[in-house]
Amino acid sequence: MPWTKKLLRVDLTNGTCESEPLNMDWAKMYLGQRGLATKYFVEECDPKVDPLSPENKLIFATGPLTGTAAPTSGRWSVITKGALTGAIACSNSGGFFGAELKNAGWDMVIFEGKSPNPVYLNINNEEAELKDASALWGRSVWDTEDMLREICGDDNIRCASIGQAGEAQALFAAVVNDKDRAAGRSGVGAVMGSKNLKSIACRGTVGVQVGDPMKFLQASGACVKILKENAVTGEGLPTYGTQVLMNVINEAGALPTHNGSDVQFDGASKIGAEAMAEPRETDGKPNLVSTGACFGCPISCQRVSQMDPNHFAVKGKPKYHGTSGGLEYEAAWALGCATGVSDLEALTYCNFICNEYGMDPISLGSTVGAAMELYKIGAITDNDTGGIALEFGSAEALCKICDQTGLGEGFGREIGLGSRRLCEKYGHPELSMTVKSQEFPAYDPRGIQGMGLTYATSNRGACHLRSYTVASEMLGIPEKTDPLTSDGKAGLVKIFQDLTAAVDSSGTCIFTTFALSADDIAPMVDADLEGEWTSDTLMEIGERIWNLERKFNCAAGFTGADDTLPQRLLKDAAKTGPAEGKVAELDKMLPEYYELRGWTSDGVPSNETISRLNL
Amino acid sequence: MQRALLIDPNTCTGCQQCEMACSYHHEGNFNPSKSRIRVFKFELEGRFVPYTCTQCDEAWCMHACPVDAISINPKTGAKEVSAEACVGCKVCTIACPFGTVNYNSETGKVDKCDLCGGDPDCVKACPTSALSFTYAEEAGMKKMRLWAKETDKGGQVENKAYTEEDIAGYLDQLS
Ligand code: SF4
Ligand code: SF4
């Protein structure tokens with residue numbers, strides 16, 4: 001009974017909810033979550049569909065390990081056609097919502113159509129019902145969760161909601177669950193908003209079974225042990241969180257700064273892990289209060305932060321004086337380095353409101369960085385910004401514009417278009433630090449070459465979570481490779497992409513792969529599921545998923561020409577640091593990558609590849 | 001010597017592995033809603049606090065039960081509910097001042113922690129050692145040791161008494 005073997009189909013147009021058996025042939029080929037939901041999506045949706053139209057579908061999916069005792073079993077995903085990218089989108093989140101959905105007995109929920117007025121979906125085990133959300137519309141994620149607890153009369157419900165940003169259809173709006181965990185990227189929150197769907201409030205008490213419990217507990221126990229003993233998952237991430245990377249990446253000269261103009265940031269040490277733990281000068285308390293875990297996770301990378309109540313951004317605003325999810329590395333980078341702002345408290349505030357209004361901090365920070373550069377060169381003026389002096393380094397401007405973006409007001413509406421559309425609109429497309437319209441994250445490919453290929457080929461637009469070669473190039477996992485060379489990176493990227501697709505689809509966290517190999521993970525899946533599951537099966541499934549996503553993107557109109565990087569990374573050499581004089585050597589990696597993938601020289605999966613993978 | 005479950009909220013990360021271990025032991029599946037130990041998140045303080053039955057000696061639940069369904073396991077000291085005897089009247093859930101006995105609508109009986117017969121699975125599953133199972137009479141030793149070390153610092157430094165900040169700082173660290 002590893003899959004619940006049923007999915008919930010919600011027709012928003014007609015207001016109906018139907019239970020449907022899971023397609024088990026597909027489940028065996030695509031495992032679950034990212035893979036299986038993508039399979040459903042591509043079978044049911046026209047690739048040319050307008051992401052914000054009722055014809056787009058929106059899937060919330062768990063994996064077969066979600067909700068079990070497997071370490072990091074809290075992961076789940078939102079799958080749709082991305083509002084920001086127009087490509088296949090799979091936004092992964094942690095927290096507790098996914099395990100609750102699984103405990104309620106559902107592998108996934110497919111939303112179709114568009115509700116005539118705002119609704120939320122109430123799931124109580126097998127019962128599911130759409131309910132009026134007019135009282136919730138216009139509210140933040142935080143208020144929505146609080147109100148839903150009251151309305152449902154149940155403190156134990158778990159929610160996944162959009163805030164004002166999703167309602168306003170900011171193109172990088174996120175779906176936020178458990179108040180500070182997000183399916184952040186590609187604008188899945190805008191799609192949810194376009195459907196008039198405010199939230200899913202879920203309570204599950206059915207429980208989760210695994211195929212062979214004794215074997216399963218043995219395998220998952222072995223994985224926990226490896227995770228605890230590993231330096232990254234047992235020590236680095238629990239103690240310092242992802243923010244441990246801030247100074248490391250800065251020293252490596254791979255920290256994109258000032259909208260990608262620089263590769264090092266002189267304010268880095270003020271906004272990293274060390275700074276979060278130090279007592280503040282202003283009130284003697286540290287920003288970092290405690291660390292939290294997602295469901296079932298022994299790593300606990302989450303930071304829980306509390307702001308200085310007298311900081312200008314929150315003075316007199318008590319709702320920001322409690323704790324909330326603190327800065328992760330990517331968020332600190334985007335809100336800080338891309339914009340040149342080194343005020344840790346201001347960044348924490350912007351991160352809080354990303355949770356509150358439901359926005360992706362990576363795209364938000366990077367887009368604000370682009371706007372700052374447009375402002376610097378005079379392409380946008382105070383006239384456009386309504387008087388906000390969008391200067392690099394200005395914490396005040398950053399806080400103000402993030403507020404406006406979250407609420408869909410003023411110049412914030414323009415920021416909500418994302419960097420690509422904003423820069424095009426103001427006549428400087430070259431200033432957009434995006435691939436396939438998605439802002440790239442916290443690693444400069446001039447200093448970490450593998451990330452150039454990672455961004456260029458990521459199926460959901462620029463992203464670090466599709467093939468995190470930083471693990472190898474910076475941390476030596478599984479093997480150290482030289483970040484400054486592009487040699488051998490094509491193969492590395494392919495392996496990371498396939499493994500990641502499989503791990504995502506299992507319902508566990510990609511961070512486990514700092515310590516666990518496919519050989520460690522396979523026995524858990526094998527004990528959980530019927531059939532035989534080896535590391536080879538997992539890697540093959542990963543490759544199948546990758547190609548399925550690619551096929552969808554090709555049909556949606558993407559070509560090899562979209563597998564590129566901003567000119568700045570390809571033409572302007574890094575000015576400082578170990579990578580000084582280097583550009584991103586994408587052209588040296590891409591042809592080899594296509595060949596390893598079994599794709600044509602235009603980046604289209606060949607017929608052999610398609611039939612080899614049973615696509 | 002009897003042992004007791006000791007909870008240290010300072011190290012708990014809220015992962016709920018204890019809840020999964022508990023529900024698996026008692027229900028045969030992973031189902032936090034059926035766990036006898038529960039982890040509470042205090043959102044605004046950023047704190048995670050596990051809580052369960054502390055096995056009172058003069059247990060309110062046991063004394064309140066009209067059919068003597070709750071008894072002491074002499075080996076572990078746990079107050080155990082006999083599923084055969086329990087009539088589901090819920091009087092014990094009213095009597096327990098801590099709320100750690102709860103009704104299970106699927107079985108029509110009440111559930112409470114029974115220390116897994118003397119080797120609690122939640123303790124084994126906890127990845128942060130926020131839960132431990134120690135000799136009841138020595139449950140305070142770890143904290144005493146910490147204080148002893150701190151106290152000893154005073155003697156090591158000539159003429160240096162504690163400042164208020166030192167103690168406040170230390171208390172902060174503990175709380
Ligand atoms: S490693 Fe971090 S993100 Fe992954 S499951 Fe654990 S707490 Fe969540
Ligand atoms: S297993 Fe340990 S760390 Fe996890 S919630 Fe329970 S007590 Fe806390």
Side-chain angles (χ1 to χ4, degrees), chain A residues 1 67-74 96 99-100 102-103 125 142 145-146 155-156 178-180 203-210 213 216-217 220-221 224-225 227-228 234 238 284-285 288-306 319 321-326, chain B residues 8-35 38-50 99 102-107 111 116 121-131 164-165 168-169 171-175:
Chain A
M1 272 269 300
T68 69
T72 77
S73 62
F96 302 88
E100 199 71 30
K102 188 75 176 285
N103 262 277
N125 293 336
W142 295 352
E145 280 206 18
D146 287 341
D155 265 349
N156 293 310
D178 304 292
K179 286 196 177 170
D180 54 16
R203 178 68 177 138
T205 62
V206 175
V208 177
Q209 297 277 8
V210 290
F216 180 80
L217 286 170
S220 64
V224 172
K225 188 156 180 279
L227 290 167
K228 294 304 285 179
K285 294 194 181 134
L288 178 70
V289 172
S290 60
T291 62
C294 297
F295 187 84
C297 175
I299 304 173
S300 73
C301 74
Q302 193 197 14
R303 308 291 97 181
V304 182
S305 284
Q306 188 160 26
K319 75 170 156 168
H321 296 175
T323 61
S324 180
Chain B
D8 178 8
N10 282 325
T11 54
C12 174
T13 58
C15 73
Q16 297 182 297
Q17 281 285 359
C18 49
E19 297 186 2
M20 280 191 274
C22 179
S23 59
Y24 180 72
H25 182 104
H26 293 97
E27 311 286 331
N29 65 8
F30 303 115
N31 189 350
S33 72
K34 297 286 186 298
S35 172
R38 297 300 268 277
V39 185
F40 297 90
K41 178 175 180 187
F42 295 97
E43 232 159 53
L44 296 177
E45 292 85 34
R47 307 271 303 165
F48 305 94
V49 187
N102 284 289
Y103 181 66
N104 182 336
S105 57
E106 273 152 42
T107 56
D111 293 336
C116 298
D121 277 348
C122 57
V123 172
K124 287 180 270 179
C126 176
T128 68
S129 308
L131 306 175
E164 255 169 47
E165 283 98 298
L171 286 176
D172 267 352
Q173 218 184 338
L174 281 187
S175 63

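Letters go in sequence order (proteins before strands), and every chain restarts at 1.
- Here the closest non-hydrogen pair linking Cys297(A) and Cys15(B) is O-CB, 3.4 Å.
- Rounding to the nearest 0.5 Å gives a distance of 7.5 Å between OG of Ser220(A) and CD of Gln17(B).
- Heavy-atom distances place no part of Asp155(A) under 4.5 Å from chain B, backbone and side chain included.
- For the pair Gln209(A) and Gly28(B), the tightest heavy-atom approach, listed with the atom from each and the gap, is OE1-O, 3.5 Å.
- Not a single donor-acceptor pair under 3.5 Å links the side chain of Glu43(B) to the backbone N or O of Ser324(A).
- Neither the backbone nor the side chain of Leu227(A) comes within contact range of chain B, judged by heavy atoms closer than 4.5 Å.
- Heavy atoms only, all atoms of each residue included: Asn29(B) and Val208(A) are closest at CB-O, 3.4 Å.
- The heavy-atom pair separating Asn31(B) from Thr205(A) by the smallest distance is ND2-O, 2.8 Å.
- The candidate with the highest count of non-hydrogen atom pairs below 4.5 Å against chain B, out of Gln306(A), Glu100(A), Lys179(A), is Lys179(A).
- Here NZ of Lys228(A) is found 6.5 Å from OG1 of Thr128(B). Values are rounded to the nearest 0.5 Å.
- Heavy atoms closer than 4.5 Å to chain A are found in the side chain of Lys41(B), but not in its backbone.
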Please step through side-chain contact (heavy atoms from CB on, under 4.5 Å) for the pair Phe216(A) and Phe30(B), ending with a clear verdict. CA-CA 12 Å; Phe216(A) 180 80; Phe30(B) 303 115; 4.0 Å; yes
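- Options Val289(A), Asn156(A), Thr323(A) differ in how many heavy-atom pairs under 4.5 Å they form with chain B, and the most are formed by Thr323(A).
- For chain A, the nearby part of Glu45(B) is the backbone; its heavy atoms alone come within less than 4.5 Å.
- The 12-atom threshold is exceeded at NZ of Lys319(A), counting heavy atoms of other residues, nucleotides or ligands nearer than 6.0 Å.
- Here the straight-line distance linking atom CG of Asn103(A) with atom OG of Ser23(B) works out to 8.0 Å at 0.5 Å rounding.
- When all heavy atoms are compared, the tightest approach of Thr291(A) to Phe48(B) is O-CE1, 3.5 Å.
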